Novice: 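The structure follows.
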Amino acid sequence: MEPTIACVVPCHNEEAAVGKVVRDLRAALPEAIVYVYDNASTDRTVEVAREAGAIVRQEPRKGKGNVIRRAFADVAADALLIIDGDDTYDASRARDLVNLLFDGPYDQVVGARRVTDDGAYRTGHAAGNKLLTGAVRSLFGNDVTDMLSGYRVFSQRFVKSFPALAREFETETEMTIHALHLRLPTAEVAVDYRVRPAGGESKLRTYRDGWRILRVILDLARRERPSLVHTVIAGVLALVSVLLGIPVIADFVRTGTVPRLPTAVLAAAIMTIATLVLLVGYILESLMHMRQEQTRLVHLSYPAPAYSPRLTARGAGIGAVSGRKTAASRRNAIALDAEQHRDLEQGQEVSPSDG
């Protein structure tokens, strides 16, 4: 049985670019089903995506993280590709990323951005990406060079073991740390990154989203590396306690009395708090290991990506018979999705056999 491939394109007001992205994906991966998740667009994104041949689904809660959370719950495939709908990534390289996922096999293949146009990557974004990537590499591992890339392919076991808690652009940070912390096999492919087409507008805000991503990293460090975080906090508290206590101890050694009793009590209290913080860190570390084991078991409950020789072909070169089959499958999927959408609009219940 051939492995299944799905493409997910999150979109918010991408009328100018989404059509080309869908067509490029269909040309590179004719056997794949392309889903465009419309994220509260107010332009013609939905119509353009349908005209290009994509299945359109809705996620009314704004934020890329909400789209990923919905798509990972809805879509089941042996390989799931995500790519932004703004045509800044080279969608024609999709075959290379998917092939590498199966050849590995890997659980994640990241399209590491290679800037080809001046102005495609603003200076602030580039500096922020390096800073945040460096922070993640220091805390979780040295296996990533472009943490914030929105062009990735995942195995089914990655998708179904990923909790997807983020709401907006910090979702890529969650994906990266999930792979690093579980030591999931990951690879990178350099892909061109270019300027948005005319009429497109970036949804990323340098300072707001950079601060949000930094907060996510700190929060994940607290949850995923509790012993480290609590050891640092306990160390700072212990240092403060020692600095306060040294003069008190010196007075006691010299005079045999404790003239600064409040300071002595404060120093002892702070040292007690430091000890409790350290113990809490070790307890949370044990709980984290238990949670990590459960996540790992969920990951292992799904098979590794299976290699298929037919996937080594590029684009339409897969063969006439295969091309007819995949085109028919896509038409059937699109027709089924449209029928369900009409049924829901008319208030009818869709039976389980329909989907």
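For the single chain, residues carry numbers from 1 onward in sequence order. Since we're looking at a predicted model, the values are computed, not measured.
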Novice: Taking R57 first and then E59, would you say they form a salt bridge - that is, a charged N and a carboxylate O separated by under 4.0 Å?
Specialist: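 No, R57 and E59 are not salt-bridged.
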Novice: When you group the ILVMFWY residues by side-chain heavy-atom contacts below 4.5 Å and let the links chain together, are V110 and L148 in the same group?
Specialist: no
Novice: Any chance you could measure T295, atom OG1, to K160, atom NZ, to the nearest 0.5 Å?
Specialist: 15.0 Å
Novice: Please list, chain by chain and in numerical order, all residues satisfying ring-ring contact (aromatic ring centres under 6.0 Å, His included) with Y151, sequence neighbours excluded.
Specialist: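 Scan of Y151 (ring-ring contact (aromatic ring centres under 6.0 Å, His included), adjacent residues dropped) gives Y89.
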Novice: Sub-3.5 Å donor-acceptor pair from the side chain of S149 to the main-chain atoms of G111, do we have one?
Specialist: yes
Novice: Is the side chain of T171 donor-acceptor paired with the backbone N or O of E168 at a distance under 3.5 Å, no angle test?
Specialist: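 No, because the side chain of T171 does not come within donor-acceptor range (under 3.5 Å) of the backbone of E168.
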Novice: Connecting only ILVMFWY residues whose side-chain heavy atoms lie within less than 4.5 Å of each other, what is the rest of V277's hydrophobic cluster?
Specialist: V229, I233, L237, V240, L244, L266, I270, I273
Novice: Are K20 and E14 within salt-bridge range, i.e. N to O under 4.0 Å?
Specialist: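 So K20 does not pair with E14 through a salt bridge.
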Novice: Are Y37 and V75 close enough that some pair of their side-chain heavy atoms sits under 4.5 Å apart?
Specialist: yes
Novice: When you measure from the side chain of D78 to the backbone N and O of P305, does any donor-acceptor pair fall under 3.5 Å?
Specialist: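 No: the side chain of D78 does not pair with the backbone of P305.
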Novice: Quick one: does any side-chain atom of R93 pair with a main-chain N or O of A190 as donor and acceptor, under 3.5 Å?
Specialist: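 Yes; at least one donor-acceptor contact below 3.5 Å.
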Novice: Hey, do the aromatic rings of F72 and F154 have their centres closer than 6.0 Å?
Specialist: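 Yes: the rings meet the under 6.0 Å criterion.
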Novice: Do V298 and R157 have side chains that get closer than 4.5 Å, going by heavy atoms?
Specialist: no
Novice: I want to check something: taking the side chain as every heavy atom from C-beta on, are R113 and T88 in contact at a cut-off of under 4.5 Å?
Specialist: no
Novice: Could you tell me if the side chain of C7 sits less than 4.5 Å from the side chain of L29, heavy atoms only?
Specialist: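 Counting from C-beta outward, L29 and C7 do come under 4.5 Å.
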Novice: Would you say the side chains of T176 and R152 form a donor-acceptor pair under 3.5 Å?
Specialist: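 Yes, R152 and T176 have a side-chain donor paired with an acceptor closer than 3.5 Å.
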Novice: Mind checking the CD-CZ spacing from E174 to R69? Nearest 0.5 Å is all I need.
Specialist: 9.0 Å
Novice: Answer yes or no: is there a donor N or O on one side and an acceptor on the other, between the side chain of H230 and the main chain of P226, under 3.5 Å?
Specialist: yes
Novice: Hey, does R70 have a side-chain heavy atom less than 4.5 Å from the side chain of R61?
Specialist: no
Novice: Strictly by modelled atom types, are D107 and S155 linked by a side-chain donor-acceptor pair under 3.5 Å?
Specialist: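 Yes, S155 and D107 have a side-chain donor paired with an acceptor closer than 3.5 Å.
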Novice: Measuring from I177:CD1 to F162:CZ, what's the distance to the nearest 0.5 Å?
Specialist: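 So the CD1 of I177 and the CZ of F162 are separated by 9.5 Å.
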Novice: Could you tell me whether D84 and K64 make a salt bridge, using a distance below 4.0 angstrom between a side-chain N and a carboxylate O?
Specialist: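 Counted as a salt bridge, because a side-chain N and a carboxylate O are separated by less than 4.0 Å.
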